[in-house]
Amino acid sequence: MLKFLWQINLKRFGRYFNKNHAAKIITVVLFFLVFCAVAAGIYQFFYRGFLYLKDYPYFRPALMLYSFEVFFLLIAFLVWLGATITLLFGLFKNQRSAFIMASPKFGVLPVYTLYSSLLSMAWILLFVLAPALWAAEVVFHTGFPAFVLALLASLLVLIFSVLLAYVSVLGLAYIWRSVRKSGPTFFGLSICVAVLAILVFGVVGSRVTRHDILVILSTENISLTQAPLEPVLQSFNFLPTSLGAQSVTFSQLGQPAVALNSFAVLAFLVVLEVLLCWGLGKTFLPLWQSLSEGSNIAHLNQPRRRFKIPKSNLLNGPVGAVLYKERTQLFRNPKNAFWLLFLLLLWLSYIGFSLSVQLHLGKENNQLTQLPNVLLAVQLLVLVYFVSALVLRFVFPSFSAERNTAWIFVSSPLRLGRLLWAKFWFFAATFGGFAVLAEAVNVFLLKLPAGQAGLFLILGLATVFMLCSLGLYFGVKFANFETDDPQALGTSIPGLVFVFCSVAYGALAAYIYYVSLLETLEGFSIIFILASILISWVLMASAASEVQHKDFAPQYS
Amino acid sequence: MLKIQNLTKKFGNKIALNKVNLEVAPGEIFCLIGPNGAGKSTLVKTVAGLLRPSSGQISVGGFDSVAGPEKSKSLIGYIPDEPTVWSAITGAEFLQIVGALYGVGPKERAERIPNLLSLFGLNGIEQDYFEDYSRGNKQKFSILAALLHRPKLLLVDEPIVGLDPTSAEIAKTQFVEFAKNGGSVLMVTHTLSVAQAIAGRVGFLEDGELKATGSIGELRVKAGLPENSTLEEIYKKLL
């Protein structure tokens with residue numbers, strides 16, 4: 001059965017190229033190039049960092065260990081969170097899984113879903129971890145065996161993170177079922193997973209950022225010839241990822257025995273996890289039955305609970321109806337809510353980084369007079385990229401994803417142009433609110449003067465308007481009714497073009513803002529704001545005109 | 001109420017509808033039947049405004065569906081063959097949203113929705129989420145949504161698929177009542193017994209062309225069949 005499922009998926013991959021194969025080959029090549037660019041960027045980042053370390057033997061072991069600890073922790077957390085969301089929906093909300101669960105080979109589903117999650121994380125090993133390790137090998141010439149050991153340790157960290165996601169999802173469901181007689185609900189399990197993610201983020205984050213890096217590296221102790229490793233280890237050794245970081249670092253430092261020791265402990269933990277996964281897999285059927293059931297009963301006295309949204313005055317007209325629907329779907333759909341949480345945690349990590357830079361580096365070096373300007377430009381860049389990620393996930397697919405529900409709006413008297421504008425205002429207001437909040441935190445942290453703060457806020461809002469209109473424009477112009485999966489829609493050629501455009505636009509916005517701060521020429525930024533708003537309007541007007549002539553939902557043919 | 005003239009719909013090179021002419025009068029139930037892929041659903045979806053005609057004209061209540069789609073659509077209630085609705089919306093919210101889309105005020109909605117829910121005995125589950133409903137209940141909500149704004153023309157695509165016998169009977173009664181009150185119904189169905197029971201006229205569509213239209217009696221004569229022959233027999237003879 002497992003082999004059969006793999007064959008189906010391989011064939012499906014082959015079928016992907018059947019229609020519009022030239023466009024799809026270009027998409028795959030472009031994606032490969034994007035991944036290669038990411039790999040090159042990571043390689044350069046680590047290569048330059050390690051070159052610096054090579055010239056400062058005092059810092060080398062401790063800072064190297066610290067870098068790998070932070071790097072592995074970040075990667076492992078993101079992999080764990082991503083895999084948890086994927087597994088939660090893949091295990092219990094996959095509409096295509098019913099035929100497997102109805103068969104005598106139902107035990108294959110959790111195994112197959114787990115393998116799929118593991119495979120989907122392979123790109124991180126190839127394009128994120130391997131370049132970092134190769135940079136260390138190129139700088140320190142530690143030899144091929146050390147590189148292989150480091151690579152294997154990285155692989156184990158990835159496997160550990162994905163298995164932990166599986167254990168988290170099934171474990172929570174199993175505990176729920178054991179504690180309460182009634183089976184777990186999907187909503188309840190989603191909340192438990194979200195709470196767990198926030199707790200892990202909070203506890204681990206507060207623990208590892210408790211100490212100043214300069215204190216950890218003992219820079220004030222002039223009697224030392226080399227920064228000690230113990231303070232770094234003490235900050236991280238409560239985490240399993242520390243074993244991976246130690247294995248990698250010690251293999252690069254020419255201490256294979258210590259590296260192998262850490263590797264062996266990590267491997268042992270992975271084996272324990274595999275056993276746990278195997279045990280939990282045995283309980284999958286009753287959990288799946290509870291978690292995938294709906295209320296397919298004609299009369300139910302107690303409605304199921306979900307995200308409750310207060311009663312709204314929006315439903316006073318057609319446009320209000322669109323706004324109400326968009327708001328409800330964005331915040332009440334569990335998958336959307338998880339994605340928002342995922343991006344929020346990423347953003348919080350970045351705010352933590354900003355705060356750390358402001359508190360530590362600013363305090364240590366008063367000569368860094370350009371730091372606020374650079375930081376502000378980087379803040380804007382990061383904000384644009386966060387909003388781009390939100391737009392790519394929610395705005396760009398919002399038109400195509402309506403394919404099966406199109407009949408509701410399209411058969412109504414609401415003009416499709418107005419529908420599109422309503423979508424625009426909803427997303428622009430929601431993400432604009434997020435942008436203003438994010439910027440306000442930065443403005444507060446960096447203690448900006450009022451004029452500069454105002455310009456920063458308006459610039460952020462203008463970029464949100466621009467990105468939302470760009471996302472909707474591409475979404476309408478290249479509507480794709482083959483799928484309603486936002487991730488599949490976002491990884492099409494138009495999605496990629498949107499990514500390239502938003503990356504270029506973000507870079508331009510940050511550059512113009514930086515130059516206007518450096519040269520005190522606010523006019524540059526104001527012209528950019530006005531141009532962004534004007535282009536937004538032109539894009540939306542063009543999309544609204546286009547949508548009127550669209551043969552909506554051609555899959556009905 | 002509904003007038004279709006020379007309607008052609010193409011998907012690339014494929015002709016889904018070929019110069020279809022059809023009229024449905026006020027108070028009439030017109031059933032469209034034909035084999036799978038004949039173009040029945042395409043016809044209904046083109047009238048509903050989901051698809052754009054390649055050529056020809058559609059007029060609803062005197063309003064052209066291409067030149068003035070807002071006015072023609074406000075007269076239509078559409079019941080799709082697949083009643084897919086946003087998953088995280090409750091049945092009650094869905095009815096509220098559809099009511100708002102058609103300009104039904106909050107007060108009128110507050111009066112009409114409970115009455116409509118009681119038609120199919122849906123009171124009590126209207127606060128559940130759409131993804132939790134059975135197919136039949138989804139279908140019932142889509143029927144109620146189509147009736148909410150009191151349309152003049154009902155476009156119905158496979159109305160009783162997934163409905164239990166009692167609910168199917170209620171749906172049929174609603175369509176008949178709707179027509180008795182002056183409304184027009186254009187219905188696509190494979191359930192020939194339903195068509196035979198409620199249709200004033202029937203149209204046979206095949207390969208995008210309307211092969212025959214008329215009352216069951218007229219079609220029976222056209223097919224050269226005796227008076228007691230069923231619609232199924234007529235269908236087999238004519239197509």
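Convention: sequence-line order gives letters A, B, ...; per-chain numbering from 1.
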Straight-line distance of A:I408 CD1 to B:F94 CZ, nearest 0.5 Å: 4.5 Å
B:E82 side chain vs A:N404 backbone, donor-acceptor pair below 3.5 Å: no
Neighbour count above 12 (heavy atom, 6.0 Å) for B:R150 CZ: no
Minimum heavy-atom distance between B:I97 and A:A321, given as atom pair plus value: O-CB, 3.7 Å
Point-to-point distance, once rounded to the nearest 0.5 Å, from OG1 of A:T328 to CD1 of B:I89: 4.5 Å
Under 3.5 Å: donor-acceptor pair, side chain of A:W407, backbone of B:T84: yes
A:Y324 ring center near B:W86 ring center (under 6.0 Å): no
Which portion of B:V98 sits near chain A, non-hydrogen atoms under 4.5 angstrom: side chain
Close approach to chain A in residues 56-77 of chain B, criterion heavy atom under 4.5 Å: B:E70, B:K73, B:S74
Heavy-atom side-chain contact between A:R332 and B:T90 under 4.5 Å: yes
Residues which pass side-chain contact (heavy atoms from CB on, under 4.5 Å) with A:A479, listed by chain and number, not counting sequence neighbours: A:F399, A:S400, A:F481, A:K550
For B:Y102 against A:S411, the heavy-atom pair lying closest together: OH-O, 3.0 Å
Proximity of residues 103-118 of chain B to chain A, residues having a non-hydrogen atom under 4.5 angstrom: B:P106, B:R109
Qualifying side-chain hydrogen bond (donor to acceptor under 3.5 Å, both in side chains) pairs with a residue from residues 153-164 of chain B, counting only residues at least two apart or across chains: B:S41-B:D157, B:D164-B:S167
Atom NZ of B:K19: over 12 foreign heavy atoms under 6.0 Å: no
Within 6.0 Å of NZ in B:K10, more than 12 heavy atoms from elsewhere: no
